[in-house]
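Each chain gets a letter, A, B and so on, in the order the sequences are listed, and its residues count up from 1. The model shown is predicted, which means the values in this text are computed figures rather than measured ones.
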Amino acid sequence: MAEKIVLIDGHSILNRAFFGLPDLTNSEGLHTNAIYGFLNIMLKLLDEEKPEYLTVAFDVHAPTFRHQMYEEYKGTRKPMADELRQQVPVMKEVLRSMGIRIIEQEGLEADDLLGTLSKRCESEGMDVTIISGDRDLLQLATDKVKIRIPKTKQGRTEVEDYYAADVKERYQVTPLEFIDMKALMGDTSDNIPGVPGIGEKTAAKIITEYHSIENAYQHAGELKPPRASKAIVEYWDMAVMSKKLAAICVDASLDYDIESARLGNIFTEEAYTLFQKLQFKNLLSRFEVKGPSHAVEDSFRTAGSREEAERILEEASEAETLGVAVFRRTAEALPLFAGEARIGGVALCFGEKEIYCIPEEKMEIAELLEKLEKLSAGPKTLSVFHLKETMKYFTPSVKDNCFDGIIAAYLLNPLKNDYGFEDVAREQLDLLLEEKMEDEKKACYEAYTAYASAAPLQDKLEEAGMWKLFKEIEMPLVFTLFDMEQNGVRVEADELKDYGNRLAVQISRLEQEIWQEAGEEFNINSPKQLGVILFEKMGLKGGKKTKTGYSTAADVLEKLAPDYPVVAKILEYRQLAKLKSTYADGLAAFISEDGRIHGKFNQTITATGRISSTEPNLQNIPVRMELGRLIRKVFVPEEGFVFVDADYSQIELRVLAHCSGDKQLIEAYREEKDIHRITASQVFHTPFDQVTDLQRRNAKAVNFGIVYGISSFGLSQDLSITRKEAAQYIEQYFHTYPGIKIFLDDAVKQAKDKGYAVTLFGRRRPVPELSSSNFMQRSFGERVAMNSPIQGTAADIMKIAMIGVNDRLKSGNMKSRLVLQVHDELLVEAWESEAEEVKKILKEEMEQAASLAVPLEIDMHTGKSWYEAK
DNA sequence: TTTTTCACG
DNA sequence: ACGTACGTGAAAAAC
């Protein structure tokens, strides 16, 4: 069989990948989507082709737009996006690291390199495959030269293949005739003029019949549309020149030795390091599992007897650093950490060579965990991944030696979607793990990773100035959140059910009425069906908004509601349907045997440092509308207890006042209660007691806008005013509070310089969007840079308060318990006789959590349900 | 699996 | 011209 070479049109594929994939960046802010897409296409096609040789061709003067996707640019040349430009040299570096031959030559475009190489290889009897996104290359197809054009559609790569015969079939012209066609029709994206007045259709017709421009010129008088005859004569010079431009050079003189393109192992050590840096996680799995992991594995020991297990535990109690992993049997391991799973055993690591597994067969789980708890006070560092979840199995004896590498990894990069120990192993230890392995082995790896990653993670946290944040806030918070999850919140199942039933009655009534008015039955929950009914069948005006069709979002419908009663009913239906499905039915499913909901409070989800709540989400229980608010009546304290609810008063604005140091705003907070009214008074130069409701409302919206990273557009939307008016409000605001403007500008500048935003407590949030050339993305980055320090600092403060409150309740041996956190609000289920003490604790811990330039204040209420206590 | 909608701070 | 306020999670429909 003939040997095969694959030739890749470098810039063309890089371009395809760039535009086909969403923006990706590694944690250093380097854009990587084009490289990632290129590699995926290349690896997929290499798997299919299995060639002996491979070469990637680049233009020397990188970004001409010859190979730009013409669909996107329609011939207009824009400068190459910065995000793409910066990826070109990195792409070449990646290819070099994989030992892949790159060819680029002064004065020659990639097309010419590919043309010359393909002819040369073909004449030497090889099979040739050219990979490009550019259809110009089709002129090179023969029955030995295949052109492959990859298309990225919704993440999947589809490839169109063309041998000469396929070109003929698809375009009715031979590959060589393609050149003549282009000579006639021209190509603006390639600066080929063509013949004026002849487009694709005419060109195709002429070339199908006469096969070349020269022959067509001979028969100029007979050409089909008479104007073409005239055109080809009049512009013959241009046609000839265009043909020269369109023809890809196939006989350039190249400095190229085919043997330099021979494909070896492309998954080299060097490439591995580079992929790691670029954070191409799932490409890394293509590399052979490397040496170090096997070396680690050699030290794994599973206790063969009870005596051995005891000896291991004995030794572990002497450890300075102890890595622990409690594991479950695979069959029961899904979903992770759910329910009362049977434990498979424990893995321990306290040295590079001391990695042990103690399976339940060798020691009763209860006894094993008890011994583990006893010895857990010993080590200086007790390293456990997913500590909060692990605490369902065993409780560390002391808190301050605990180290959760997952939390550390989150602080170091809070933008990731999930954090597994496998990632920590790879990132901190260069340890690549196989996808599947036995439970014991996996547990040993986890224990080893916990042991070995603690020091490097600490180094990195210290380097980033986040060690204190980690040690004093995040790690203690693990215990607070664990307690809250264990406590749960009591929910009256029967009452909730009644509430749901009442909703159901109203829902079906509304449903009937809406169907009646629409004249047919349809699914009101379907935005698609609803859009068609409203905007097509019933002819309401309200145009399209989403990609898929009409927007039926509340703000659109609200504008129509006054004129169309049916729309108002739809809005009401929506509201009720939401309450029933998400809250009435949704919450009911989570009430456990003890009559309480034990939701999860997640510490490694948000980009800003806030806590998130899931299964169910207890941070979005309705409150703004009365009907929804009623749900809070089913959240009740146990008999003998009462709810105490405390929430920070405008914590984010106070943080802003502090961080900006703005004299006026600080002063405002020191004197009065109603900050929005003060703002209105100062911004609109109106005496405090003469501020109108409208002025106050506007000032409030501006205050919110500031915290979100103000934009005139956003404010105009919120207030239903023009952008210009919104811009004026903002200008007046900044004039009143000049310190705020300076602070926000500086926040953006700092984030641009460093690549991340920082809170008062050192928490970082990377903002890669700031370097985007896309206006929208960059603007988003700017708003994020303004918002993150504020939202994040408020989150830090709340975390400090929670730890303080919970610790005081526990150390005072109180029956009262912390049950919920809703970003700026804490709910405590207080033993009645302790209620006053609880209020005192809440007030002190929340108001003293941070010492700012303005006082932190809370509002507090007591009640026999969450509804009453708010 | 992704999109749309909507609940909260 | 671009088409958004910041941060979340869940349900239902569409794909």
Side-chain angles (χ1 to χ4, degrees), chain A residues 22 78 154-156 414 522-531 545-557 570-571 573-587 589-590 599-602 605-625 627-629 631-632 647-648 650-652 656 701-702 704-719 723 726 730 757 765 767 769 772-792 794-795 798 820-825 870:
Chain A
K78 293 187 185 179
Q154 277 129 17
R156 283 189 309 279
F522 68 101
N523 186 348
I524 307 170
N525 286 318
S526 158
K528 199 177 163 190
Q529 291 180 42
L530 181 62
K545 234 180 89 177
T546 62
K547 290 161 226 169
T548 48
Y550 304 100
S551 170
T552 64
D555 58 341
V556 174
L557 297 190
I570 288 165
L571 283 167
Y573 173 92
R574 279 252 184 93
Q575 198 190 5
L576 299 182
K578 175 99 181 176
L579 290 174
K580 176 147 166 55
S581 68
T582 304
Y583 299 103
D585 301 346
L587 289 176
F590 284 99
K600 289 184 179 174
F601 289 101
N602 313 296
I605 301 289
T606 69
T608 53
R610 276 188 176 182
I611 301 293
S612 109
S613 162
T614 53
E615 297 173 58
N617 182 352
L618 295 169
Q619 292 180 322
N620 71 344
I621 305 300
V623 69
R624 293 173 191 168
M625 305 287 275
L627 181 65
R629 191 176 196 148
I631 291 195
R632 293 180 175 230
D647 69 289
Y648 279 115
Q650 293 133 5
I651 186 168
E652 290 181 340
L656 175 66
V702 176
F704 268 94
I706 294 289
V707 169
Y708 290 157
I710 195 88
S711 79
S712 55
F713 184 89
L715 184 64
S716 69
Q717 286 287 299
D718 192 54
L719 288 177
R723 260 177 92 155
I730 294 168
R765 185 226 164 118
V767 195
E769 295 88 350
S772 172
S773 61
N774 177 298
F775 173 81
M776 281 304 302
Q777 291 217 31
R778 198 171 56 250
S779 305
F780 173 72
E782 289 167 359
R783 294 194 294 272
V784 162
M786 294 187 253
N787 170 266
S788 299
I790 304 172
Q791 188 183 122
M798 179 49 117
L820 294 179
Q821 186 256 38
V822 193
H823 309 306
D824 66 350
E825 169 190 2
K870 193 59 180 127

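In this structure, CZ of A:Arg629 is placed 18 Å from C1' of B:dC6, rounded to the nearest angstrom. Computed from coordinates, the A:Leu530 CG to B:dT4 C1' distance equals 12 Å when rounded to whole Å. A straight line from CD1 of A:Ile631 to C1' of B:dC8 spans 12 Å, rounded to a whole angstrom. One atom, CZ of A:Phe775, and another, C1' of C:dG3, lie 10 Å apart when rounded to the nearest Å. Taking atom CD on A:Gln717 and atom P on C:dG3, their separation rounds to 14 Å, with Å as the unit. Remark: P of C:dT4 and CG of A:Asn774 are 11 Å apart, rounded to the nearest angstrom. Residue A:Arg778 contributes atom CZ, which lies 14 Å from atom C1' of C:dA1 at whole-angstrom precision. Residue A:Asp555 contributes atom CG, which lies 8 Å from atom P of B:dC6 at whole-angstrom precision.
In terms of modelled atom types and a separation under 3.5 Å, the side chain of A:Ser788 and the main chain of A:Ala785 share no donor-acceptor contact.
A distance of about 27 Å separates the P atoms of B:dA7 and C:dG3, rounded to the whole Å. Between the P atoms of B:dT3 and C:dT4, the separation comes to 14 Å (whole Å).
Here the closest heavy-atom approach between residue A:His823 and residue A:Met798 is recorded as O-CG, 3.6 Å. Scanning all heavy atoms of the two residues, the minimum distance from A:Thr608 to A:Gln791 falls at OG1-OE1, 2.8 Å. Counting all heavy atoms, side chain and backbone alike, A:Ile710 lies closest to A:Ile706 at CD1-N, 3.7 Å. Residues A:Leu571 and A:Ala554 approach most closely at CD2-CA, 4.0 Å, considering heavy atoms.
A sub-4.0 Å separation between OP1 or OP2 of B:dT3 and a side-chain N or O of A:Thr546 is absent. For the pair A:Arg574 and B:dC6, the criterion of a side-chain N or O lying under 4.0 Å from OP1 or OP2 is met.
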(request) List the protein contact pattern of nucleotides 5-12 of chain C with one symbol per nucleotide (5' to 3'): B for base contact, S for sugar-phosphate-only contact, - for none; contact means a heavy-atom distance under 4.0 Å. (result) BBBSBBSS

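For A:Asp585, the side-chain hydrogen bond (donor to acceptor under 3.5 Å, both in side chains) partners are A:Lys580, not counting sequence neighbours. Taking A:Gln650 as the reference, A:Leu653, A:Arg654, A:Tyr669, A:Ile675, A:His676 meet the side chain to side chain contact (heavy atoms under 4.5 Å, CB included) condition, with sequence neighbours excluded. Evaluation of the side-chain hydrogen bond (donor to acceptor under 3.5 Å, both in side chains) rule for A:Arg783 yields no partner, not counting sequence neighbours. Judged as a salt bridge (Lys or Arg N to Asp or Glu O under 4.0 Å), and not counting sequence neighbours, A:Lys578 has no contacts.
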(message) Can you give me the dot-bracket string for DNA chain C, 5' to 3', counting Watson-Crick and G-U wobble pairs with both distances under 3.5 Å, using [ ] for crossing pairs and | for partners on another strand?
(response) .....|||||||||.

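Residue contacts for A:Ala554: at a heavy-atom cut-off of 4.0 Å it reaches the sugar-phosphate backbone alone, with no base atom in range. Counting any heavy atom pair closer than 4.0 Å across all strands shown, A:Arg624 reaches a base atom.
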